[in-house]
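In what follows, a structure is listed as structure tokens, so that the remarks can point back to it.
Since we're looking at a predicted model, the values are computed, not measured. Chain letters run A, B, ... following the sequence lines, proteins first and then strands; every chain starts at 1.
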2 protein chains.
Amino acid sequence: MANEDKFSKATPCEACPLRPLEIFRPFQHDELAFVANFKIGERSVDGGGTILSESQRSEHLFTVLSGWGFRYKVLKDGRRQILNYVMPGDMVGLQGTLMGEMQHSIEALSPVTLCVFKRSGLEQLYRQHPDLAYDITWIAAREERILDENLLSIGRRSALERAAYLLAFLYQRAETLQLFRGGRNALPLTQQHVADTLGLSIVHTNKTLRKLSGRDLIRWADRGCEVRDVRGLLRLAGWQGLGESKRPLI
Amino acid sequence: MANEDKFSKATPCEACPLRPLEIFRPFQHDELAFVANFKIGERSVDGGGTILSESQRSEHLFTVLSGWGFRYKVLKDGRRQILNYVMPGDMVGLQGTLMGEMQHSIEALSPVTLCVFKRSGLEQLYRQHPDLAYDITWIAAREERILDENLLSIGRRSALERAAYLLAFLYQRAETLQLFRGGRNALPLTQQHVADTLGLSIVHTNKTLRKLSGRDLIRWADRGCEVRDVRGLLRLAGWQGLGESKRPLI
DNA sequence: CGCAGAGTTGAACGCGATCAAGTTCCGTGG
DNA sequence: CCACGGAACTTGATCGCGTTCAACTCTGCG
């Protein structure tokens, strides 16, 4: 896949399109300066391409600048489980950077742009910017929290509840990133992705999504899902939503 | 539950029974001194007791010194999902400390002793000991990795594979902590715990465990599971095991 | 035009849930 | 001492959610 465009530095951190968003905590000047220096370039991957793959030892760490992707694992016989989705502002590759080897893969769902950070810069970050170090731990804890909720969902919720939870979850995340401004408010997934996230077969996923459509909670458009009633989805899933206030962006 | 015994400082860090274990990375003198000061006491909880509970705002952070426990979430109607188990050397309460509010509970499976750390000491740790800060992120990343594997298991493995995976996983963790020296090598669980971990009903869990017993992979003794053939369990689950080398202990 | 990927639908099957009853073990109190 | 009750485990019978198999439509694209 020759879709790499490494080390072009198109977007300087000072003009980061994400940082102004309400959801992210403001930066100190020196923090911004450090991160701008920590970033060594950008990389783009087109839809369907691989961002990181299992057993890989990456020397880089990334933050998603634009686009959607998903983290997943596969069993030897090909059964796939999607673990979580990645969206702008999410840091990826931390597990691999800290622990030596990736134990999951990440694939782009739409064209993705990544900020590339030098692995070695991380130690410097921990030494010179305790607040940023704290932020990184915070980011890891957030991922953990999301996985907890996901595990509850797959383990104990019915197919319909699971689907409702997932779509409400994705919608809310996209919403706080203002990803729906301008375009149509559709989540860029196929039903296969939904199936692999929920631990269901594609056939039953289809039937479940049609039930949600029947209740006017969603509408499945070409290669995507329009959420029409988040409240309804939340109620159906018995979930309060991920009520996030400010969070760090690195 | 009046089983608290706060702030008795029975075990000084200098004489920590866990630190000498091979699995933990060695400490520098100043690190040890810092942690000894970071620790403000010990707390014990007896089997079945609550270590931390959802929506609680704890001002403390803990490391398990001895005993077993588990992290779980429940849906409003009572369905319970166990997310992971906690064993000696595991840090608990980090999510709550960092993000303000616990979104899961932790219960003791056997009598548990915890090292208690002051929440406010964490900032100091990040400022003065970048290596320890790095360790904490590492610990969070490890938890994430475990949850990833768990999610794969519940989402895509069959009941028999799931059970094999879980028991091999717990056995391996206990093994590296030398928890079986002396006593019988039994995991202190009930079948209800296994069921709530695997996302299965108790009845089906029982039938599944009997199959594993029939193949001589395990033996279910009174209120616990003896693993007789880890290799067999690993093969059945199609899992390589968690091959951990040194890891941090705080 | 043909083909591949995505979505849809019906029919039959089966894994795991649910219902129902049992046993064993242990701690408690009469 | 035994009776009782509760918790954990066990087992068989039946039910149903979700899988699997098999087809079909629709769209975009070479």
Side-chain angles (χ1 to χ4, degrees), chain A residues 46-49 70 75 77-82 107-110 153-167 186-214 218-226 236, chain B residues 46-49 70 75 77-82 107-110 153-167 186-214 218-226 236:
Chain A
D46 38 42
F70 59 93
L75 292 172
D77 63 6
R79 283 174 285 177
R80 179 174 77 169
Q81 178 64 40
I82 294 181
E107 188 176 312
L109 215 41
S110 65
S153 204
I154 297 195
R156 291 307 187 193
R157 279 192 251 249
S158 71
L160 198 65
E161 292 168 333
R162 264 183 250 186
Y165 162 72
L166 174 65
L167 298 173
L187 310 169
L189 310 158
T190 67
Q191 299 193 352
Q192 184 67 64
H193 292 117
V194 175
D196 287 347
T197 311
L198 303 182
L200 297 172
S201 72
I202 175 101
V203 173
H204 197 249
T205 297
N206 178 277
K207 289 171 183 170
T208 303
L209 291 172
R210 308 242 69 228
K211 271 185 205 164
L212 292 180
S213 300
I218 64 165
R219 208 172 70 81
W220 199 271
D222 44 311
R223 217 152 292 206
C225 175
E226 268 179 44
L236 180 50
Chain B
D46 38 40
F70 60 93
L75 292 172
D77 61 6
R79 283 174 285 177
R80 179 175 77 169
Q81 178 64 40
I82 293 181
E107 186 176 314
L109 216 41
S110 64
S153 204
I154 297 195
R156 289 306 187 196
R157 278 192 250 249
S158 70
L160 198 65
E161 292 169 332
R162 262 183 252 187
Y165 162 72
L166 174 65
L167 298 173
L187 309 170
L189 312 158
T190 67
Q191 299 192 354
Q192 184 67 64
H193 293 117
V194 175
D196 287 347
T197 312
L198 302 182
L200 297 173
S201 72
I202 176 99
V203 174
H204 195 66
T205 298
N206 178 275
K207 288 170 182 170
T208 303
L209 290 172
R210 308 243 68 226
K211 270 186 205 163
L212 292 180
S213 301
I218 63 165
R219 206 171 72 80
W220 199 271
D222 43 311
R223 217 153 292 208
C225 175
E226 269 179 41
L236 179 51

Just compare D/dG18, D/dC9, C/dG16 and give me whichever is closest to any side-chain atom of B/Trp220. D/dC9

If you find the nucleotide of DNA chain C closest to B/Leu200 and the one closest to A/Leu209, which residue's nucleotide is nearer the 5' end? A/Leu209

Quick one: label B/Ser201 by what it contacts on the DNA or RNA (base, sugar-phosphate, nothing), any heavy atom closer than 4.0 Å. base

4.5 Å side-chain heavy-atom contact, A/Arg162 and A/Thr208: no

Taking the side chain of B/Thr190 as its heavy atoms from C-beta onward, which of C/dA6, D/dC9, C/dT8 lies nearest to it? D/dC9

Kindly point out which of D/dT10, C/dG7, C/dG16 is positioned nearest to the side chain of B/Ala159? C/dG16

Return the value, rounded to whole Å, for the distance between atom CZ of B/Arg219 and atom P of D/dT10. 11 Å

Of all the choices, D/dG18, C/dG7, D/dA8, which nucleotide is nearest to the side chain of B/Arg223 once you look at every atom? D/dA8

Distance col, row A/His204:NE2 vs A/Asn206:CG, nearest 0.5 angstrom, shows 10.0 Å

With the side chain of B/Arg162 defined as its heavy atoms from C-beta on, choose the nearest nucleotide among C/dG16, D/dT11, C/dG7. C/dG16

Between A/Val203 and B/Asp222, name the one whose nearest nucleotide on DNA chain D is closer to the 5' end. B/Asp222

Please tell me if A/Asn206 has a side-chain N or O lying less than 4.0 Å from either OP1 or OP2 of C/dG7. no

Take atom CG of A/Leu187 and atom P of C/dA6, then tell me their distance rounded to the nearest Å. 17 Å

Separation of D/dT20 atom C1' from A/Ile202 atom CD1, nearest Å, is 13 Å

Tell me the interatomic distance from B/Leu198, atom CG, to C/dC15, atom C1', rounded to whole angstroms. 15 Å

Looking only at the side chain of A/Lys207 (C-beta and beyond, no hydrogens), which of the listed nucleotides C/dA6, D/dT20, D/dA8 gets closest? D/dT20

Would you mind reading off the distance between A/Leu160 atom CG and D/dG18 atom P, rounded to a whole angstrom? 9 Å

Check every atom of D/dT10, D/dT19, C/dT8 against the side chain of B/Arg210 and return the nucleotide holding the closest atom. D/dT10

Sugar-phosphate, base or nothing in reach of A/Gly224, heavy atoms under 4.0 Å: nothing

Whole-Å distance separating the CZ atom of B/Arg79 from the C1' atom of D/dC17: 14 Å

Just verifying a value: how many Å separate A/Gln191 CD and A/Lys207 NZ, rounded to the nearest 0.5 Å? 12.0 Å

State, with a plain yes or no, whether a side-chain heavy atom of A/Arg156 is found less than 4.5 Å away from one of B/Asp196. yes

Nearest whole angstrom, please: distance from the C1' of D/dC9 to the CD of B/Gln191. 6 Å

Using side-chain heavy atoms (C-beta onward) and a distance below 4.5 Å, is A/Leu212 in contact with A/Leu236? yes

Measure from NE2 on A/His193 to P on C/dA6 and round the result to the nearest Å. 8 Å

